[in-house]
Amino acid sequence: MSSSCAVSPSISSEFFNLSSTRRFLGPARLIHHHHRSKCEISSRREFALKGIVASGVSVIGSSFVNEPVQGLERLPFKPDGYNFWTWRGHKIHYVVQGEGMPILLIHGFGASVFHWRYNIPELAKRYKVYAVDLLGFGWSEKAIIEYDAMVWRDQLVDFLKEVVREPTVLVGNSLGGFAALVAAVGLPEQVVGVALLNSAGQFGDANRKPNKSEETVLQKFILKPLKETFQRVVLGLVFWQSKQPARVESVLKSVYINPSNVDDYLVESITRPAADPNAAEVYYRLMSRFMLNPSKYTLDSVLSELSCPLLLLWGELDPWVGPAKANRIKEFYANTTLVNLKAGHCPHDEVPEAVNKALQDWLSTLTPKVPLQAL
């Protein structure tokens with residue numbers, strides 16, 4: 001697919017509350033209103049047109065090498081990837097480094113393990129760090145399936161059971177944040193804590209009434225096919241636009257408050273994956289699925305089932321997902337620690353030193369669970 005970093009409110013709408021388009025990135029700017037309005041809906045759709053890149057880093061063949069920024073050690077880029085695990089017949093890519101309590105890093109919409117380029121080496125000095133490419137992203141297979149948040153939940157749960165096999169802390173950015181939450185709820189006995197960086201997801205609307213009307217023959221055989229055709233045309237144009245380097249760089253700079261880390265390495269890591277054989281079809285399936293199910297999953301429903309400590313590392317200058325959401329999560333879920341950072345949508349790549357320190361400070365307060373092998 002292409003690259004993107006956060007799931008877009010425009011497409012994923014209420015589910016993701018950020019913008020991103022798979023390996024091509026496609027975030028949409030959110031209009032911060034306390035009540036839903038036509039303006040908000042409009043801004044979500046605007047993402048589909050602007051769609052392109054917010055955090056994505058799915059590198060499949062960078063032709064050059066940049067010096068690591070800020071003097072930090074960077075994860076070496078390997079064109080063929082690191083490690084692979086077969087899940088339900090699909091090839092899944094992951095990285096593992098270090099020893100100690102396991103941490104699993106989960107990228108945002110359109111990104112890959114390489115978006116944690118400045119976090120993995122530092123965290124691996126004290127912990128056993130895993131980073132995994134969600135199905136449809138990065139080096140993982142671009143499977144032609146019906147994508148759904150629960151697909152990634154099941155992937156992460158099985159990864160924890162089959163590969164990690166120890167009590168683990170989940171860390172997710174954007175879409176990866178929501179995936180981390182649902183995985184933690186799905187496997188509470190193995191998840192020690194969850195850290196969210198500008199997470200996707202929306203709180204439910206108590207005033208919204210479910211639509212129970214039956215589908216008519218006209219809707220099923222005429223209007224629905226026409227709608228799908230229109231979506232394919234529009235999303236095809238967005239996909240093409242999102243692959244352009246100038247557009248990728250422009251969108252990245254709009255969500256990185258300090259654009260110094262928006263380097264050629266990052267831009268190329270986002271544009272190259274769009275050449276993957278099934279990239280366009282996976283992009284279409286991801287975006288159309290989210291648009292058709294904008295409020296199927298909500299933060300409040302997931303948080304109400306969470307049972308472990310929660311850390312919010314929030315780029316408070318994020319133009320898509322501002323601090324209001326972090327504050328609301330903290331109010332809703334009592335066992336929450338909030339750390340605001342002077343950064344945009346992808347603080348782990350924009351201010352990695354601050355993120356690494358805050359994450360390690362919080363990790364030191366957690367009480368490890370008994371290893372599963374000992375139970």
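Throughout, residue positions are numbered sequentially from 1 according to the sequence presented. Being a predicted model, the structure only gives us computed values, none of them experimental.
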_L299 CG to Q202 CD distance, which is reported to the nearest 0.5 Å_ = 7.5 Å
_Hydrogens and angles aside, do T298 and S301 bring a side-chain donor and acceptor to less than 3.5 Å of each other?_
yes
*Please round to the nearest 0.5 Å and tell me the distance separating atom NE2 of H345 and atom CD1 of I257.*
11.5 Å
_On a heavy-atom basis, which atom in V191 and which in C308 lie closest, and how many Å separate them?_
O-CB, 4.0 Å
*Taking only residues two or more places apart in sequence, or in another chain, which ones meet Y94 in a ring pair (Phe, Tyr, Trp, His ring centres under 6.0 Å)?*
F159
*Counting only N and O atoms by type, is there a donor-acceptor contact under 3.5 Å from the side chain of Q155 to the main-chain atoms of L135?*
yes
_Checking the side chain of N83 only, and the main-chain atoms of V95 only, is there a donor and an acceptor separated by less than 3.5 Å?_
no
*Any ion pair linking E353 and K357 (charged N to carboxylate O, less than 4.0 Å)?*
no
*Is the closest side-chain donor-acceptor distance between N340 and W314 under 3.5 Å?*
no
*asked:* Quick check: do V192 and T367 have side-chain heavy atoms less than 4.5 Å from each other?
replied: no
*Measure across W152 and A179 and return the closest heavy-atom pair with its distance rounded to 0.1 Å.*
CB-CB, 4.5 Å
*Quick one: are the ring centres of H348 and Y118 less than 6.0 Å apart?*
no
*asked:* Contact between Q97 and L123 at the side-chain level, heavy atoms closer than 4.5 Å - yes or no?
replied: no
_Any non-hydrogen side-chain atom of V355 less than 4.5 Å from a side-chain atom of E350?_
no
*Measure the CZ-OG1 distance between F84 and T86 for me, rounded to the nearest 0.5 Å.*
10.0 Å
*asked:* Quick check: closest heavy atoms across I106 and W116, and the distance to 0.1 Å?
replied: O-CZ2, 3.2 Å
*At what distance, to the nearest 0.5 angstrom, does CG of L156 lie from CG of L181?*
11.0 Å
*asked:* Is it the case that the side chain of H107 and the backbone of G176 share a donor-acceptor pair, with hydrogens and angles ignored and the cut-off at 3.5 Å?
replied: no
*Indicate whether any N or O donor in one side chain lies under 3.5 Å from an N or O acceptor in the other, for H90 and S140.*
no
*Please report the shortest heavy-atom distance between G201 and F178, naming the atom on each side.*
CA-CD1, 3.9 Å
_Where V255 and P319 come nearest, the two heavy atoms and their spacing_ = CG1-CG, 3.7 Å
*Determine whether the side chains of Y256 and D349 contain a donor N or O and an acceptor N or O closer than 3.5 Å.*
yes
*Could you tell me whether R153 and D148 make a salt bridge, using a distance below 4.0 angstrom between a side-chain N and a carboxylate O?*
no
*asked:* Test your reading of the model: is there a side-chain donor-acceptor pair from K91 to the backbone of W87, 3.5 Å cut-off?
replied: no
*Determine yes or no for a side-chain-to-main-chain donor-acceptor pair under 3.5 angstrom, with N278 supplying the side chain and E281 the backbone.*
no
*Output, in order, the C-alpha distance, side-chain angles, deciding distance and verdict of side chain to side chain contact (heavy atoms under 4.5 Å, CB included) for L105 and V129.*
CA-CA 8 Å; L105 307 177; V129 182; 3.7 Å; yes
_Which heavy atom of G108 sits nearest to which heavy atom of S174, and what is that distance?_
CA-CB, 3.9 Å
*Between the main-chain N or O of P102 and the side-chain N or O of E166, is there a donor-acceptor pair closer than 3.5 Å?*
no
*Under the ring pair (Phe, Tyr, Trp, His ring centres under 6.0 Å) test, which residues partner Y82, sequence neighbours left out?*
none
_Donor-acceptor pair, side chain of D300 and main chain of F332, under 3.5 angstrom_ = no
*Applying salt bridge (charged side-chain N to carboxylate O under 4.0 Å, His left out), which residue pairs with at least one partner in residues 124-134 are found, sequence neighbours left out?*
E122-K125
*Within the distance-only criterion (no hydrogens, no angle test), does the side chain of W362 pair as donor or acceptor with the backbone N or O of T337 below 3.5 angstrom?*
no
